[in-house]
Amino acid sequence: MSNPENCLIGIDLGTTNVKGIILADDGTVIASASRENKLLFPGPEMVEQDAALWWSNTVEILQEITRKAGPEVVRKIRGISVSSQTVTMLPVDKEGSPLRNAMIWMDSRSAAELHYIIDSIGFNRLVSIIGAQPDVAFLPNKILWFKKNEPELFSKTYRVLQASSYINYKLTGQMTMDIDQAVRCQCLDLQNLKWSEEIQKVIGCDLDALLPAPSLTTEIIGTVTPQAAALTGLVSGIPVAAGASDAMASMYATGLSRLGEAGESSGTTSLVFVGSDRRSATDIPVVTKPCSIDGMPYVFDAPINTSGAALKWYLDTFGQPEKDYAAAHGMNVYDHINQLALNAAPGSGGVLFFPYLLGERAPLWNSHARGMFIGMSLDTTKDEMLRSVFEGTAFALRHVMDTIKSAGGKADCLRITGGGAKSRTWSRIKASMLHMPVHILDEKSGDVPFGDALIVGHSIGVFSDLTASIDKLIRVKEVIQPDEEWAAVYDRLYPYYLDMYKHLDEDFIKLRKTMQELEHDGEKR
């Protein structure tokens with residue numbers, strides 16, 4: 001049993017779950033817990049979450065891990081850092097009470113507002129301001145939609161918070177926003193790191209008043225209040241760091257420490273990280289962000305919308321027999337489908353799956369793309385359809401990786417963390433798809449809250465030399481090499497994956513417009 005002098009708490013508020021750990025300074029996870037989040041779908045292309053559930057889940061997690069750890073460990077907790085899914089629009093009043101459910105990154109109802117912003121500012125000018133490709137996932141268009149469609153609630157809004165910002169507020173009483181999520185939200189002018197005056201003008205909002213001033217990721221924003229301590233089992237006065245997005249915390253958790261290493265945080269979505277020795281252009285599909293790891297001055301950071309979510313969708317839509325079989329045999333259903341996918345040959349009998357179930361972020365930045373199975377016949381088996389979902393998400397990963405490499409990223413191996421790392425079948429497909437070994441990290445190292453704990457540990461000096469601490473604490477459990485026969489198949493099919501999407505892109509745009517017209521006609525009737 002570890003007997004540490006210093007302990008740290010890392011919490012990640014993800015799309016699917018909230019997870020938390022107490023980490024000892026020797027890298028031992030003393031206690032962990034998780035709770036499930038719920039997605040709400042109030043209308044077409046609308047995806048929301050209840051902030052009250054975020055907080056109640058967090059309280060339950062903190063109660064559980066402090067109870068498991070015991071009072072002696074709780075007294076040694078030196079700091080807390082929270083990460084979250086991004087980008088979120090949660091409007092709160094002056095008392096910090098949410099005025100509506102949070103519109104999360106998956107919500108794409110504000111596409112018309114995004115096009116208005118792009119048309120008003122100009123695409124190239126907007127890209128030069130935000131340093132990224134404009135997309136419906138981000139904040140300016142969501143704020144504009146809120147202002148136009150819910151003006152009464154908008155008039156009561158004191159601040160718009162991110163998911164982790166809300167948890168930090170409940171812990172400390174301070175309304176803040178970390179610089180990592182500020183850079184990602186597409187409201188910040190990257191030339192001066194201030195809220196963009198041009199974007200403010202177009203959306204008609206005072207962003208300086210609406211959004212908290214950005215705090216550095218490692219900045220201590222406050223301490224746990226007596227009220228929060230009484231609810232959670234913590235000791236009041238524990239420092240709380242500003243924290244970061246789940247993307248940044250994932251990068252810490254993957255243990256990237258040198259050029260040539262790439263990382264994927266594979267969960268509901270995938271977050272891909274590739275180091276670079278130079279800053280990229282700003283007018284390309286995936287751009288670099290500054291990186292604090294020695295020897296890796298910049299990192300490409302690319303989100304893929306539906307990776308694990310595609311597998312869950314398949315199971316929820318087609319997989320009841322597999323769920324029943326797994327339950328009857330005492331198996332984990334994901335272990336079961338991993339075996340079933342191997343019954344199909346590489347290439348899935350010519351079935352290609354496109355995982356654009358929520359449009360796609362990197363490298364397409366396209367909210368109107370849609371998921372597809374292409375190539376089915378009367379001979380197609382269910383196992384082939386299942387394997388094609390694994391392969392389609394890996395094709396999407398290759399598309400991202402090729403885009404990054406063409407922009408100067410360096411990747412010779414892929415370190416995978418998160419729930420997707422538990423699938424050996426998936427990792428073998430990815431290794432073969434990318435022609436590079438896949439390093440599977442142990443569950444402790446790869447979990448996003450582990451990255452959060454590293455962040456706050458660095459903030460308060462427990463891990464003063466962060467690079468050395470990463471090398472010491474993060475372990476590779478297994479290295480999976482490419483299967484050359486599979487790789488040869490994927491090389492031949494990959495051009496079709498790219499070309500079929502391109503050929504259908506204009507049709508997707510027309511289809512979306514038609515569906516919106518049909519929905520409007522239905523509302524009129």
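Note that the structure is a prediction, hence the values are computed from the model and not measured.
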| request: Could you tell me whether the side chains of Ser110 and Asn141 share a donor-acceptor contact shorter than 3.5 Å? | output: yes
| task | For Gly255 and Glu261, work out which heavy atoms get closest and say how close. | result | O-OE1, 4.0 Å
| field | Contact check, side chains of Ile61 and Val18, non-hydrogen atoms, under 4.5 Å | value | yes
| said: Let's go through Tyr298 and Asp277 carefully: what are the C-alpha distance in whole Å and the side-chain angles of both, what is the deciding distance for side-chain contact (heavy atoms from CB on, under 4.5 Å) to 0.1 Å, and is it a yes or a no? | reply: CA-CA 6 Å; Tyr298 298 98; Asp277 58 4; over 6 Å; no
| Any side-chain heavy-atom pair from Ile238 and Ile460 closer than 4.5 angstrom? | no
| query | For the atom pair CD1 (Ile455) and CD1 (Ile80), what is the distance rounded to the nearest 0.5 Å? | reply | 14.0 Å
| field | Check: Gly420 main-chain N/O paired with Ser423 side-chain donor or acceptor under 3.5 Å | value | no
| query | Donor-acceptor pair, Lys142 side chain versus Asp107 backbone, under 3.5 Å? | reply | yes
| query | What residues form a salt bridge (Lys or Arg N to Asp or Glu O under 4.0 Å) with Arg279, not counting sequence neighbours? | reply | none
| said: Regarding Ser265 and Ser250, do their side chains bring together a donor and an acceptor under 3.5 Å, going by distance alone? | reply: yes
| query | salt bridge (Lys or Arg N to Asp or Glu O under 4.0 Å): which pairs involve residues 171-186, sequence neighbours left out? | reply | Asp180-Arg184, Arg184-Asp301
| task | Say whether, by atom type as modelled, one donor and one acceptor occur between the side chain of Lys147 and the main chain of Cys205 under 3.5 angstrom. | result | no
| said: Is it true that Gln49 and Gln85 share a donor-acceptor pair across their side chains at a distance under 3.5 Å? | reply: yes
| request: State, yes or no, whether a side-chain contact exists between Thr223 and Val240 at a heavy-atom distance under 4.5 Å. | output: no
| query | With distance as the sole criterion, is a donor-acceptor pair present between the side chains of Ser108 and Ser367 under 3.5 Å? | reply | no
| message | Checking Ile30 against Leu23 for the side-chain contact (heavy atoms from CB on, under 4.5 Å) test, could you report, in this order, the C-alpha distance in whole Å, the side-chain angles of both residues, the deciding distance, and whether it holds? | response | CA-CA 6 Å; Ile30 294 175; Leu23 182 73; over 6 Å; no
| query | Do any N or O atoms from the side chain of Thr28 and from the backbone of Ala24 form a donor-acceptor pair under 3.5 angstrom? | reply | no
| Candidate pair Glu45 and Arg109, rule salt bridge (Lys or Arg N to Asp or Glu O under 4.0 Å), full reasoning | CA-CA 5 Å; Glu45 300 176 341; Arg109 76 184 77 178; over 6 Å; no
| query | Under 3.5 Å, is there a donor-acceptor pair between the side chain of Arg75 and the main chain of Val235? | reply | no
| Between atom CD1 of Ile129 and atom OG of Ser196, what is the distance when rounded to the nearest 0.5 Å? | 4.0 Å
| Between Asp246 and Ser83, is any side-chain donor less than 3.5 angstrom from a side-chain acceptor? | no
| task | Please confirm whether the backbone N or O of Gln174 pairs with a side-chain atom of Thr172, one donor and one acceptor, at under 3.5 Å? | result | yes
| Hey, what do you get for CD1 (Ile22) to CD (Glu64), rounding to the nearest 0.5 Å? | 10.5 Å
| said: If I take atom CG from residue Leu271 and atom CD1 from residue Ile304, how far apart are they, to the nearest 0.5 angstrom? | reply: 8.5 Å
| Which atom of Ala411 lies closest to which atom of Met401, heavy atoms considered | CB-SD, 4.0 Å
| field | Side-chain touch Tyr356/Leu364, heavy atoms, less than 4.5 angstrom | value | yes
| query | Looking only at atom types and distance, does a side-chain atom of Thr88 sit under 3.5 Å from a main-chain N or O of Ile104, one as donor and one as acceptor? | reply | no
| query | If you draw a 6.0 Å radius around NZ in Lys472, do more than 12 non-hydrogen atoms from other residues or ligands fall strictly inside? | reply | no
| request: Would you indicate whether the side-chain heavy atoms of Asp452 and Ile9 approach each other to under 4.5 Å? | output: no
| message | Would Asp50 and Trp54 count as a side-chain contact (heavy atoms from CB on, under 4.5 Å) here? Give the steps. | response | CA-CA 7 Å; Asp50 180 1; Trp54 290 345; over 6 Å; no
| said: List the residues meeting ring-ring contact (aromatic ring centres under 6.0 Å, His included) with Phe154, not counting sequence neighbours, and say none if there are none. | reply: Phe146
| task | Would you mind listing every salt bridge (Lys or Arg N to Asp or Glu O under 4.0 Å) that reaches into residues 194-218, with sequence neighbours excluded? | result | Arg125-Glu198
| task | Of all the heavy-atom pairs spanning Val87 and Cys185, show the shortest one and how long it is. | result | CG2-CA, 3.7 Å
| query | Which heavy atom in Thr288 sits nearest to a heavy atom in Ser276, and how many Å separate them? | reply | CG2-CB, 4.3 Å
| said: Within this structure, what is the CD1-CZ distance for the pair Ile143 and Phe138, rounded to the nearest 0.5 Å? | reply: 13.5 Å
| Min side-chain heavy-atom separation Leu40-Val47 under 4.5 Å | no
| request: Check whether the side chains of Thr232 and Gln63 place a donor and an acceptor atom closer than 3.5 Å, and report yes or no. | output: no
| Does any non-hydrogen side-chain atom of Pro449 lie less than 4.5 Å from one of Ile11? | no
| Any sub-3.5 Å donor-acceptor pair from Thr157's side-chain atoms to Arg159's backbone N or O? | no
| said: Measuring only between side-chain heavy atoms, which start at C-beta, is Trp105 closer than 4.5 Å to Asn305? | reply: yes
| request: Output yes when a side-chain donor or acceptor of Trp365 lies under 3.5 Å from a complementary backbone atom of Pro134, and no otherwise. | output: no
| field | Leu188 and Leu193: CA distance, side-chain angles, deciding distance, side-chain contact (heavy atoms from CB on, under 4.5 Å) verdict | value | CA-CA 6 Å; Leu188 201 71; Leu193 295 183; 3.8 Å; yes
| message | I'd like to know if the side chain of Arg415 reaches the main chain of Thr254, judged simply by a donor and an acceptor atom lying under 3.5 Å from each other, with no hydrogens or angles considered. | response | yes
| If you measure from the Lys or Arg side-chain nitrogens to the Asp or Glu carboxylate oxygens, is any gap between Glu264 and Lys430 under 4.0 Å? | yes
| message | Could you check whether Asn57 and Asn37, counting side-chain N and O atoms only, form a donor-acceptor pair closer than 3.5 Å? | response | yes
| side chain to side chain donor-acceptor pair (under 3.5 Å) between Glu36 and Thr16, intermediate numbers included | CA-CA 6 Å; Glu36 185 177 354; Thr16 308; over 6 Å; no
| Does the side chain of Ser307 come under 3.5 Å of the side chain of Ser270 through a donor N or O and an acceptor N or O? | yes
| said: To check you understand the geometry: which heavy-atom pair defines the closest contact between Asp465 and Ala468, and what is its length? | reply: OD1-N, 3.1 Å
| Between Asp135 and Arg361, is the closest basic N to carboxylate O distance under 4.0 Å? | no
| task | Would you list the pairs meeting salt bridge (Lys or Arg N to Asp or Glu O under 4.0 Å) in which at least one residue belongs to residues 92-101, sequence neighbours left out? | result | Glu48-Arg100, Arg100-Glu150
| remark: In this structure, OG of Ser128 is separated from CG of Leu126 (nearest 0.5 Å) by 7.5 Å
| request: Sequence neighbours left out, what passes ring-ring contact (aromatic ring centres under 6.0 Å, His included) with Trp426? Give chain and number order. | output: Phe390
| note | Nearest heavy-atom contact between Gly131 and Val287 is O-CG2, 2.9 Å
